[in-house]
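Numbers here are sequence positions counted from 1. Owing to the predicted nature of the structure, the values given are computational and were not obtained by experimental measurement.
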Amino acid sequence: MIYIVIALIVFILIVLIKNIRIVPQSQAFIIERLGGYLTTWDVGLHVKVPIIDRVANKVSLKERVLDFQPQPVITKDNVTMMIDTVIYFQITDPKLYTYGVENPMNAIENLSATTLRNIIGELELDGTLTSRDVINTRMRSILDDATDPWGIKVNRVEVKNIIPPESIQEAMEKQMRAERERRESILIAEGQKQSAILVAEGKKAATILEAEAQKEAAIRRAEGEAEAILAVQNATAEGLLKIKNVQADESLIRLRGLEAFEKAANGQATKIIIPSDIQNLAGIVTAVTELAKK
């Protein structure tokens with residue numbers, strides 16, 4: 001009898017231990033009783049009733065990432081391309097996630113594919129290649145509204161790759177190559193233009209400097225000649241002033257003129273023109289000499 005009691009106690013303990021659950025952080029347990037939803041366990045220690053209660057689903061509340069395979073889409077101008085997207089989502093209601101839709105991941109994948117086709121179908125090729133932000137925003141809004149009844153919140157949608165057909169890629173590469181060559185030609189022409197401008201400006205500056213130098217030299221020569229003339233005039237004026245101060249008479253002046261004539265006669269000149277005043281002075285000197293002899 002004792003062994004039966006002990007066995008019964010051990011069995012009860014095992015059953016209790018198996019029905020004790022610890023819910024970790026960022027998870028939630030969906031509990032069903034007799035096949036129907038009972039409650040949602042959050043973080044902590046919980047005990048369920050044996051046999052009639054069961055854990056129907058363990059839901060992670062962390063943000064998840066779904067990376068789908070490239071999807072074929074057709075643009076408004078009938079260009080077929082491959083686009084793959086990445087969806088960041090989070091479960092906000094474990095109950096709706098559990099009972100809202102069968103296979104939620106597959107549902108999100110199909111929904112994102114159809115949404116992407118609808119959006120790209122309204123855009124042309126160039127708009128598709130340059131409107132990633134618009135595509136991301138519209139897809140996130142549409143998917144978030146559609147998955148709200150499933151207890152899922154779509155946080156972000158990113159277009160990972162846009163792969164146009166090979167013919168389009170070749171045309172784009174040719175266009176980019178032509179654009180780069182055009183920019184290179186423009187840069188070369190701008191460089192040559194700038195170089196020519198700098199050379200012309202250098203020649204202009206050199207010509208201006210040379211003209212200014214010649215002007216300055218001419219001014220300096222004129223100033224030197226003016227100073228020389230002024231010095232001669234000052235010397236002449238000082239000489240005349242000294243003669244005036246000594247009260248020289250006409251005879252002395254004529255005598256000085258004769259002395260100057262004598263100096264001129266000592267030169268290499270072959271013909272000498274004698275002023276009339278000097279001739280008269282010579283006559284006076286001769287007369288004075290003869291009187292002295294008597």
### Message
Ignoring hydrogens, what is the shortest heavy-atom contact between Ile162 and Pro164? Give both atom names and the distance.
### Response
O-CD, 3.3 Å
### Task
Please confirm whether the backbone N or O of Asp84 pairs with a side-chain atom of Asn161, one donor and one acceptor, at under 3.5 Å?
no
### Message
For Ile87, is there any backbone N or O sitting under 3.5 Å from a side-chain donor or acceptor partner on Arg64?
### Response
no
### 4.5 Å side-chain heavy-atom contact, Arg117 and Val73
yes
### Message
Would you say CD1 of Ile74 has more than 12 non-hydrogen atoms from neighbouring residues, nucleotides or ligands within 6.0 angstrom?
### Response
no
### Query
Aromatic rings His46 and Trp41: how do their planes relate, parallel, tilted or perpendicular, breaks at 30° and 60°?
parallel
### Task
Would you mind reporting whether Asn118 and Glu122 have side-chain heavy atoms less than 4.5 Å apart?
no
### Task
Report yes if the side chains of Arg156 and Asn136 come closer than 4.5 Å at any heavy-atom pair, otherwise no.
no
### Least distance between heavy atoms, Ile30 atom then Lys95 atom
CD1-N, 3.8 Å
#### Entry: Donor-acceptor contact present, side-chain Lys153 to main-chain Thr92, <3.5 Å
no
### Query
Distance from Ile208 atom CD1 to Glu201 atom CD, nearest 0.5 Å?
10.5 Å
### Query
Taking atom CZ of Arg132 and atom CD of Glu158, what is their separation to the nearest 0.5 Å?
9.5 Å
### Query
Are Met139 and Thr137 close enough, and set up right, to give a side-chain contact (heavy atoms from CB on, under 4.5 Å), and what steps lead you there?
CA-CA 6 Å; Met139 282 194 64; Thr137 303; over 6 Å; no
### Query
Going from NZ on Lys62 to CD on Gln25, what distance comes out if it is rounded to the nearest 0.5 angstrom?
9.0 Å
### Message
Any heavy-atom pair between the side chains of Thr207 and Lys204 that's under 4.5 Å?
### Response
no
#### Entry: Side chain proximity check, Gln71 to Ile83, heavy atoms < 4.5 angstrom
no
### Task
Flag yes if Leu38 and Val59 sit in one hydrophobic cluster, no otherwise; membership is Ile, Leu, Val, Met, Phe, Trp, Tyr, and two members link when side-chain heavy atoms are under 4.5 Å apart.
no
### Task
Please name the pair of heavy atoms, one in Leu96 and one in Gly151, separated by the smallest distance, quoted to 0.1 Å.
CB-N, 3.6 Å
### Query
Are Glu225 and Arg221 ion-paired here, with the side-chain N under 4.0 Å from a carboxylate O?
no
### Task
Spell out, yes or no, whether Ile14 and Ile9 are grouped together once hydrophobic residues are joined by side-chain heavy atoms under 4.5 Å, including indirect joins.
no
## Note on the structure
Closest non-hydrogen atoms of Ser60 and Ile91, given as atom of the first, atom of the second and distance, are O-CD1, 3.7 Å
### Message
To the nearest 0.5 Å, what is the distance between OG1 on Thr114 and CD on Glu109?
### Response
11.0 Å
### Message
Within the structure provided, determine whether Leu143 and Phe89 are in side-chain contact (heavy-atom separation under 4.5 Å).
### Response
no
### Query
If you count the non-hydrogen atoms of other residues, nucleotides and ligands that lie under 6.0 Å from CD1 in Ile51, is the total more than 12?
no
### Task
Report yes or no: do Ile22 and Val47 belong to one cluster of Ile/Leu/Val/Met/Phe/Trp/Tyr joined by side chain heavy-atom distances under 4.5 Å?
yes
### Task
Please tell me if the side chains of Arg33 and Ile52 come closer than 4.5 Å, counting only heavy atoms from C-beta onward.
yes
### Task
Count the heavy atoms of every other residue, nucleotide or ligand shown that sit under 6.0 Å from CG of Leu230, and state whether that count exceeds 12.
yes
#### Entry: Side chain Ser131, main chain Thr128, donor-acceptor under 3.5 Å
no
### Distance, nearest 0.5 Å, that separates OH of Tyr99 from CG of Asn57
8.0 Å
## Note on the structure
Nearest heavy-atom approach of Asp67 to Thr85 is OD1-O, 3.6 Å
### Task
Output the distance between atom CZ (Arg183) and atom CD (Glu190), rounded to the nearest 0.5 Å.
14.0 Å
### Partner of Ile120 by side chain to side chain contact (heavy atoms under 4.5 Å, CB included), out of Thr115, Leu125, Ile135
Ile135
### Task
Could you tell me which non-hydrogen atom of Pro24 sits nearest to which non-hydrogen atom of Val43, and how far apart they are?
O-CG2, 3.5 Å
### Task
Answer whether the closest heavy-atom distance between the side chains of Met81 and Thr75 falls below 4.5 Å.
yes
### Short side-chain to backbone donor-acceptor contact, Gln90 and Leu61, under 3.5 Å
yes
### Query
Out of curiosity, does Tyr88 fall in the hydrophobic cluster containing Val159 (side-chain heavy atoms, cut-off under 4.5 Å, transitive links)?
no
### Task
Would you please test Val157 and Val86 for side-chain contact (heavy atoms from CB on, under 4.5 Å) and show each step?
CA-CA 6 Å; Val157 177; Val86 179; over 6 Å; no
### Query
Does Thr147 reach the main-chain N or O of Ile152 with its side chain, forming a donor-acceptor pair under 3.5 Å?
yes
